[in-house]
Number of protein chains: 2
Amino acid sequence: MSTRQSRRGAVTLTGQSRQPLYKDVKLAITRMLSSGEMQAGEAIPTEKQLCEIFGTSIGTIRRAIDELVAEHVLIRQQGRGTFLAPYSPDRMLNIFFNIVSKDGRREVPIVQTLSFQNDFSDAETAKELAIRDGDEIYKIHNIMLMGGEPAVLDEIRISSILFPGLTETEFVSRDMTIYDLYQNRFGINVIRTSDRLRSIPADVSTAKRLNIPLGMPLLEILRVAVTFEDRPVEWRRTLLNTENFEYRNLLKSDGL
Amino acid sequence: MSTRQSRRGAVTLTGQSRQPLYKDVKLAITRMLSSGEMQAGEAIPTEKQLCEIFGTSIGTIRRAIDELVAEHVLIRQQGRGTFLAPYSPDRMLNIFFNIVSKDGRREVPIVQTLSFQNDFSDAETAKELAIRDGDEIYKIHNIMLMGGEPAVLDEIRISSILFPGLTETEFVSRDMTIYDLYQNRFGINVIRTSDRLRSIPADVSTAKRLNIPLGMPLLEILRVAVTFEDRPVEWRRTLLNTENFEYRNLLKSDGL
DNA sequence: TTCGATTTGTTCGTATGTATT
DNA sequence: TAATACATACGAACAAATCGA
């Protein structure tokens, strides 16, 4: 069979691409998922159905799905099907929350929102969020209690365009993690984050809020969270008191 | 064909295992690699040869190798072969060195060894290195210059049993990264690290060495590096002045 | 430079095993 | 139990990269 053509009225893939067929399929599936029509936790078509949709063999479909599973975008379950990763609170905590107690236990943090503002992006934030300077954003300040003590302060900046109609009430009254809110309310899946860590002294207001001495060393974490195709979703600055907690970076060199 | 039997005098795999055949093959290949007979960068047998060695189909071999490639243990090159990951200085820096300049550039650090001692393990170190309390270890103190300024202090503890005959002269005169030394001189591949990060004030001697004020916030990184099958190889404590450099944790949720 | 042998990469397809409903 | 869906294993054919004659 010659190199690349759609068969039997199947979906036309990117066509004249110079990349392998399974990459085309992967991209097509990714677009299906990120179109916003799919709910988190929902099943995607079966492998056999995808064969017919794309007009490829099951091996090619599996290869495409393999990569999305490796990226935690999809979850496969034998006998059940393949699902858009649910990002359950528990899962979110395990994947994107790497602040743990010094003895290694994962405390579930209690988040309290200190302020929720409508604001305009400065140049630097615009660059991080891939929006225009001056675009509307939400600025949200939170404090997190871990083990009963205030241990973390953070500031979140997100584009109002990506999260239209988000209100303080809705944000505060959510019964899930913030990333789950992005997913369930706006159909935005956070699939990766990039953290930059520094050590800085506590300033006056931070010291007061975390009930620690002025100038005490804190861990500053600057995070950008991205969704499919590396589109930035959220900028976040976290300040952690590492007296009783620490940041863990388990495993390097992917895979297992 | 029925489930599990060796054919044609092929290597007997783990036998009565309840895991998939490709996992057996993966483990067998892993043992080949970690036996110390293989040099980093050396080619492993071709897929066809492995078929004969293990008496399985090429698909099964490929599946096993796929996982090892995903774990950066092996590297495949079309037309050439499959190789034990070389851990070149450049590669080591990119994979296991996540201290970068604030503007994102990767400075190549200049390492100077301050001291090299033969010592005995305390209980905690023994636990981290999976050796016995009181076993002999090397304790090595280094300072790293980045951009001409002293930016990092670290202490390394490794088992004398794992690295027999290592001398200060040899350690200091190496022309490669420390992990490359482990690999090239002792056949030990570091394949993963686990980092724990805290923010702490500089003590007197640290402040003096890094030429910073006493009490200045530093980033403390406690690392355990492991080789195949999660066997610990090295304990390391790093202190980083984050005025001009920072710790980056790119990408969560594996793969790409 | 060309060509052929070698080696991995991609795609296809089939058969059977195992988990779920 | 039966149907469905993913998991494992097999193997064939061809493409693309590499290397040496």
Side-chain angles (χ1 to χ4, degrees), chain A residues 1-8 10-11 13-29 41-70 73-85, chain B residues 1-8 10-11 13-29 41-70 73-85:
Chain A
M1 179 174 303
S2 74
T3 27
R4 184 70 44 80
Q5 73 244 35
S6 338
R7 271 143 298 190
R8 291 169 301 187
V11 166
L13 298 171
T14 54
Q16 38 155 359
S17 64
R18 273 273 154 265
Q19 64 178 344
L21 186 52
Y22 75 88
K23 290 282 188 187
D24 290 348
V25 171
K26 180 185 173 189
L27 186 59
I29 294 175
E42 192 182 344
I44 69 170
T46 68
E47 293 175 351
K48 199 187 294 182
Q49 290 171 328
L50 289 169
C51 290
E52 288 162 13
I53 291 172
F54 296 117
T56 70
S57 78
I58 193 169
T60 301
I61 298 294
R62 285 190 66 81
R63 181 100 184 243
I65 293 179
D66 279 347
E67 294 205 350
L68 291 167
V69 168
V73 173
L74 295 177
I75 293 177
R76 274 205 274 234
Q77 281 182 264
Q78 185 176 161
R80 297 228 302 140
T82 303
F83 307 87
L84 182 53
Chain B
M1 180 173 302
S2 75
T3 29
R4 184 70 43 82
Q5 73 244 29
S6 337
R7 270 144 297 192
R8 291 169 303 190
V11 166
L13 297 172
T14 54
Q16 36 154 0
S17 64
R18 275 274 155 266
Q19 64 179 345
L21 184 54
Y22 75 88
K23 290 282 188 187
D24 290 349
V25 172
K26 179 185 172 189
L27 186 60
I29 293 175
E42 193 181 342
I44 69 170
T46 68
E47 295 175 351
K48 198 188 295 183
Q49 289 171 330
L50 289 169
C51 289
E52 287 163 14
I53 292 171
F54 296 117
T56 70
S57 78
I58 193 169
T60 301
I61 299 294
R62 287 190 64 82
R63 181 99 185 245
I65 294 178
D66 279 346
E67 295 205 351
L68 291 167
V69 168
V73 173
L74 295 177
I75 292 177
R76 275 206 274 233
Q77 280 182 264
Q78 185 176 161
R80 298 227 303 141
T82 303
F83 307 86
L84 182 54

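The basis for the numbers below is simple: all heavy atoms, side chains too, and nothing from hydrogens, waters or symmetry mates. Remember, predicted model here, so these are calculated numbers, not experimental data. Lettering follows sequence order; numbering is per chain, from 1.
- Picking from D/dA9, C/dT10, C/dT21 the nucleotide with the shortest atom distance to the side chain of A/Y22 gives C/dT10.
- Among the nucleotides C/dT10, D/dA5, C/dT7, the one closest to the side chain of A/T46 is D/dA5.
- Atom CG of A/D66 is separated from atom P of C/dT10 by 12 Å (rounded to the nearest Å).
- For the atom pair CD (B/E47) and CD1 (B/I58), the distance works out to 4.5 Å, reported to the nearest 0.5 Å.
- The CG atom of A/L74 sits 16 Å away from the P atom of D/dA5 (whole-angstrom rounding).
- Taking both residues in full, the closest heavy atoms of B/A28 and B/F54 are given as CB-CE2, 3.6 Å, listed atom of the first, atom of the second, then distance.
- In terms of phosphate contacts, A/R63 brings no side-chain nitrogen or oxygen within less than 4.0 Å of OP1 or OP2 of C/dT11.
- Residue order along DNA chain C, read from the 5' end via each residue's closest nucleotide, puts A/K23 first among A/K23 and A/Q78.
- Here B/G81 lies in heavy-atom contact (under 4.0 Å) with sugar-phosphate atoms only.
- At the phosphate of D/dC10, OP1 or OP2 sits under 4.0 Å from a side-chain N or O atom of B/T60.
- Following rounding to the nearest Å, A/E47 (CD) and C/dG13 (P) show an atom-to-atom distance of 15 Å.
- Applying the Watson-Crick and G-U wobble criteria (two distances, each under 3.5 Å), C/dT1 pairs with nothing in any strand.
- Remark on DNA chain C: of its neighbouring residues A/I58 and B/K48, the 5'-side contact belongs to B/K48, judged by nearest-heavy-atom nucleotide.
- Note that CG of A/D66 is 7.0 Å distant from CZ of B/R63, once rounded to the nearest 0.5 Å.
- Residue contacts for A/R62: at a heavy-atom cut-off of 4.0 Å it reaches a base atom on one of the strands shown.
- In this structure, of D/dA9, D/dC6, C/dT10, it is C/dT10 that holds the atom nearest to the side chain of A/P20.
- Applying the 4.0 Å criterion to OP1 and OP2 of D/dA7, one finds that A/R76 has a side-chain N or O inside that range.
- For B/Q49 and C/dT8, the CD to P distance is 8 Å, given to the nearest whole Å.
- Out of D/dA9, C/dG9, C/dT11, the shortest distance to the side chain of A/S57 is found at C/dT11.
- Relative to the side chain of B/R80, the nucleotides C/dT10, D/dA7, D/dC19 differ in distance, and D/dC19 lies closest.
- By the 4.5 Å heavy-atom criterion applied to side chains, A/I65 and A/L50 are counted as neighbours.
- A/I75 has its CD1 atom 14 Å from the C1' atom of D/dC6, to the nearest Å.
- When rounded to the nearest whole Å, the span between CD of A/Q77 and C1' of C/dT20 equals 9 Å.
- For the pair B/V69 and B/R76, the tightest heavy-atom approach, listed with the atom from each and the gap, is CG2-CG, 4.0 Å.
- Straight-line distance from the CD1 atom of A/I65 to the P atom of D/dA7: 9 Å, rounded to whole Å.
- Put simply, the side chain of A/D24 does not reach to within 4.5 Å of the side chain of A/T56, judged on heavy atoms.
- Spacing between atom CZ of A/F83 and atom C1' of C/dT20 amounts to 10 Å, rounded to whole angstrom units.
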